[in-house]
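Here the structure is a predicted model, which means the values were calculated and not measured.
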Amino acid sequence: MDLSERGNSASTGWKKAAKVNCVVLILMSVALVACLCAVTVQVGGIQEALFFYEGDCDNGNVFQVNIALHLLINVVSTLMVLNSPSREEVNAAHFKSSWVGIGVPSARNVLHVSKFKSLCWVILLASSIPIHLLFNSAIFETDHRESDFHLTIATEEFVNGGTFYPPGASLFPAGKIPESESIIGNDLVNLTDYANTGSDIVRNISATSANAHQWKRLDIQDCRQEYINCAGLKNYRSLVLIVDKPGGWIRDGMYENKSLYPFQMWRFGSNQTKVWDKYVPSNQPNHLFFDVQCTMVASREPGRPIQCYNNCRTALTGIPYYPQDSTFFAVDIDTPDWRYPFIDDTVVYSLNYSDEYSFALPGAFDLAIKYCLAEPIDRTCHIALSPMLLLGVAICIIIKSCTAIIVTVLLIRRKQIPLVTPGDAIASFIEKPDPATADLCTFGQGDIRRVLKDRNSFLSFGPMSWLPLQKRRAAAVPTSVWVTSYLLFIVAIIVCGTYFGIAYDSSRGLWGSFFESDQNLFFQKSYTFFESVVTANGLQLLLSLWYLAYNNLFTRLHMAREWASFSEDYHPLRVTNPQGEQYATYRLQLPYKYSLSLISVSILLHWLLSNTIYIFISTGGYYGTSHFVNGTESDPSLPPDTTVVVGYSLYSLLVLLIASCVLIFIPILLSAKRLPPNMVNIGNNSFALSAACHVSKLSYAVKSPKISNESSRLSDQEDIEMQQLMIARESPRSSLASDRLVGHQDQEDDGEKSLFRDLARSKIRWGVVQMPPEWYAEHAHEGVAVQHLSFGVREDDVRAPVP
């Protein structure tokens, strides 16, 4: 099987990988289009998101399902785009006195591969960007926290059939403390509504009295945590505070029974008695103290933690609540007793001199809470799918599929075999040497770059003195690659560090949560869903570029190690389509111990970044006010009570900074290892690699029957090579590689099997190859011993070159 036959196998090599990728892309396209059609039919268009899964926010598996779906997304959206050149494209680059990159993704290759491949490469790359930005957020989870609840303060008899008279023994209508600017609850309720049994306020009180005995009993610590040091209504809604007041309250002192005096609230005159007799009897026990409709909302200030403002905090703590006052009062919830005055002495004093209220008895408004009864709610969180984002992803995947199919079909028909790994290139250069790089076996990538970039320099062909290589692995990576890579790393770290410093200073310290949480900082700006996706995932795209540059350094350093190993022992070539003793390439360019480690690093960094900046979506109204987000806008694709914000975690950002600073030193440490002194430094330079792969037909590797069965033809070929050596000796040195192709006859005619095919499929070593005596005789005029540097097999007794 000759070189062309190696690329014609439909079941191995790059063709199999290309076909598998095409099949995967087609299946993804079909699945996405089918999913998009189903969603569109379900919601009636692409404007509205589909909430397709729901579960309990705390104890359900919404979080686990969301993680599983995003892992699936990350698996199917990770496809390698190769721009590996074919041998014909490499020859064309060498003819133009240039080179291409072998074994690593290179933007330089785009300039030297065909326009068709360059265009397809750009299309595949461009279509990958929206996938990175949109696919991860096409499926999203929503938090749910309610804000409205009903508060009732009453005795235990209230929920067990005891008598009650609205508005309660306090005689305060919901909405505002009389003779005070303090607010309790939402809208102010007219006193006359309490006389109407069909009004909303009276029906709510009656429903609470009838149903509250079935609600969840909370001890005072849990109750205060849920409703005072609050974070939205996550588990419970309406609340009844059970006051330690056996027998209830008496309105005023109309009873002659002195034993009831401690239960009396007021001392009214005749005018006030006439007013209140319509609502609350003067001499009947009243087991209702106060009732109000309340709201708790999230509020925040720049650089400060989120605060929960409850407009019924006066009823819960006795601390006045004024709408114009943004001061947050922390309440100690760890005290064993819950006792407080419903109103302070200043308000009582004002009431005693008002027209509606006469004189409040001492201690009348002191409350001692025994426990709470809270109405449980099903806190349902959802997993939703955005048809708009899914449409964008589907279009990109379809474009990818069409491009991949076209590329695969045309490349197979053109029989252009891509040189994916260094082994592919070495095998190609050995089997079919490139005359443009002959007699340059001592040239490394640094020499090639310097000479071919400077038109005033020239390539010196023929025997050259061997100089041992005194360099480290860092020399295998071009200086320009080091500079651009670390410029990207350092700029990213400086930007993140600067932002961390600003956020740390504005927040007056390090606080919040490491994970996605409402206790972290949020951007003040309100976002639509699409804007938040671009804002949060844009940095993920930049991190992907950061990782590609990082992976590229590791790949180049490993290639230097792999190449150097051929100077120390005999090894088979690592190729994409193995023949003979060759072996198959790794699934990725790097060995698994490196590639899996780098993939783990990528997952870690993306996970840290996803915790550092993230989309927070909540329904229920707790976050959906101007107290939390400036200029709140409703998104037509989400429910009306949905809030979309972008949050960030200082803890996660700090860990991301530390991890990044540690990671950028690893390539430097690996590059400090020394390269073997008996090997040329080729890097990933195709020109230097080709120059090192010229095997002589006079070597034992070619003449041996074990390697080749064409010994009957070798004598004629030896004479031909001797004549070529004499011509090369007498001809002047050329200044450009292209000059050496003028008048050159290809060393292998069409259909002729390569003399070096079997050598490329054996275990080989690079160094000084033993040649026959007549070869050395031809170079006796040089005055020094001339050796031949190339690849050989064990029979060639390949040795390390010496100065």
Side-chain angles (χ1 to χ4, degrees), residues 56-60 62 143-156 158-159 174 183-186 204 207-208 211-244 289-300 305-319 321 328-340 342 367-381 512-513 517-520 616 618-625 627-628 641 643:
D56 186 87
C57 295
D58 296 318
N59 301 320
V62 172
D143 178 71
H144 182 80
R145 305 188 190 199
E146 297 190 9
S147 60
D148 292 334
F149 67 101
H150 196 81
L151 172 63
T152 303
I153 303 176
T155 66
E156 203 165 37
F158 172 79
V159 298
I183 297 297
I184 297 183
N186 298 342
N204 286 337
T208 301
N211 300 321
H213 67 281
Q214 301 175 351
W215 294 354
K216 175 72 173 179
R217 175 168 175 161
L218 303 178
D219 59 37
I220 58 177
Q221 283 81 11
D222 292 338
C223 188
R224 287 185 290 189
Q225 178 65 52
E226 189 77 16
Y227 289 91
I228 299 178
N229 289 0
C230 53
L233 297 172
K234 297 183 289 184
N235 303 304
Y236 308 99
R237 186 184 292 113
S238 296
L239 175 69
V240 178
L241 299 183
I242 302 299
V243 182
D244 187 9
F289 182 80
F290 184 72
D291 182 272
V292 67
Q293 189 69 27
C294 307
T295 299
M296 63 172 64
V297 296
S299 179
R300 63 191 176 98
I306 292 178
Q307 299 171 359
C308 176
Y309 283 112
N310 187 336
N311 61 8
C312 285
R313 75 178 182 188
T314 297
L316 293 167
T317 64
I319 300 174
Y321 174 79
F328 177 73
F329 294 92
V331 178
D332 185 6
I333 64 172
D334 295 326
T335 56
D337 298 326
W338 190 357
R339 299 175 180 273
Y340 62 95
F342 188 74
L367 301 178
I369 309 302
K370 291 176 60 178
Y371 62 90
C372 300
L373 294 175
E375 179 187 12
I377 57 175
D378 294 329
R379 185 186 175 212
T380 303
C381 291
S513 172
S517 171
D518 63 329
Q519 296 304 312
N520 291 325
F616 185 80
S618 181
T619 60
Y622 176 67
Y623 294 103
T625 67
H627 294 281
F628 184 72
D641 61 347
T643 301

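- Side-chain contact between Val243 and Glu156: absent, with no pair of heavy atoms (C-beta onward) separated by less than 4.5 Å.
- The side-chain contact (heavy atoms from CB on, under 4.5 Å) test applied to Ala207 returns Asn211, not counting sequence neighbours.
- Side-chain contact check for Tyr622 versus Lys234: every heavy-atom pair is 4.5 Å or farther apart.
- Remark: Arg237 engages Glu146 in a side chain to side chain donor-acceptor pair (under 3.5 Å) (not counting sequence neighbours).
- Remark: Cys294 SG to His150 NE2 distance equals 8.0 Å, nearest 0.5 Å.
- Proximity of Leu239 to Leu241: side-chain heavy atoms (C-beta onward) are separated by under 4.5 Å at one or more points.
- Judged as a salt bridge (charged side-chain N to carboxylate O under 4.0 Å, His left out), and not counting sequence neighbours, Lys216 has no contacts.
- Under the side chain to side chain donor-acceptor pair (under 3.5 Å) criterion, Asp219 pairs with no residue, sequence neighbours left out.
- For Asn311 (side chain) and Thr295 (main-chain N/O), a donor-acceptor pair under 3.5 Å exists by modelled atom type.
- Side-chain contact, Asp641 with Thr619: no donor N or O sits under 3.5 Å from an acceptor N or O.
- Side chains of Met296 and Leu233 form a contact here, defined as non-hydrogen atoms less than 4.5 Å apart.
- The closest side-chain heavy-atom distance from Val159 to Leu373 is below 4.5 Å.
- Every residue meeting the ring-ring contact (aromatic ring centres under 6.0 Å, His included) condition with Phe149, not counting sequence neighbours, appears here in chain and number order: Tyr227.
- The structure places CD1 of Ile220 at 10.0 Å from CG of Asp222, a figure rounded to the nearest 0.5 Å.
- The structure places SG of Cys223 at 8.5 Å from CD1 of Ile369, a figure rounded to the nearest 0.5 Å.
- When side chains are defined from C-beta on, Thr155 does not count as touching Ile242, because their heavy atoms never get closer than 4.5 Å.
- Here Glu226 pairs with nothing under the salt bridge (charged side-chain N to carboxylate O under 4.0 Å, His left out) rule; sequence neighbours left out.
- Shown here are the side chain to side chain donor-acceptor pair (under 3.5 Å) partners of Thr208, two or more places apart in sequence or in another chain: there are none.
- Atom CG of residue Leu151 and atom CD1 of residue Ile184 lie 9.0 Å apart, to the nearest 0.5 angstrom.
- By the 4.0 Å N-to-carboxylate-O rule, Arg145 lies close enough to Asp143 to be salt-bridged with it.
- A 4.5 Å side-chain heavy-atom check between Glu375 and Tyr236 finds every atom pair outside the cut-off.
- You'll find the side chain of Tyr371 stays beyond 4.5 Å of the side chain of Leu218, heavy atoms only.
- In this view, Arg217 satisfies the salt bridge (charged side-chain N to carboxylate O under 4.0 Å, His left out) rule with no residue, not counting sequence neighbours.
- The side chain to side chain donor-acceptor pair (under 3.5 Å) search around Ser147 returns none, not counting sequence neighbours.
- The distance from the CD1 atom of Ile153 to the CG atom of Asp291 is 9.0 Å, given to the nearest 0.5 Å.
- Considering only residues two or more places apart in sequence or on other chains, Ala174 meets the side-chain contact (heavy atoms from CB on, under 4.5 Å) condition with Val189, Tyr194, Val292.
- With sequence neighbours left out, Phe342 forms a ring-ring contact (aromatic ring centres under 6.0 Å, His included) with Phe289, Phe290.
- Across every non-hydrogen atom of Ile306 and Ala298, the tightest pair is CG2-CB, 3.9 Å.
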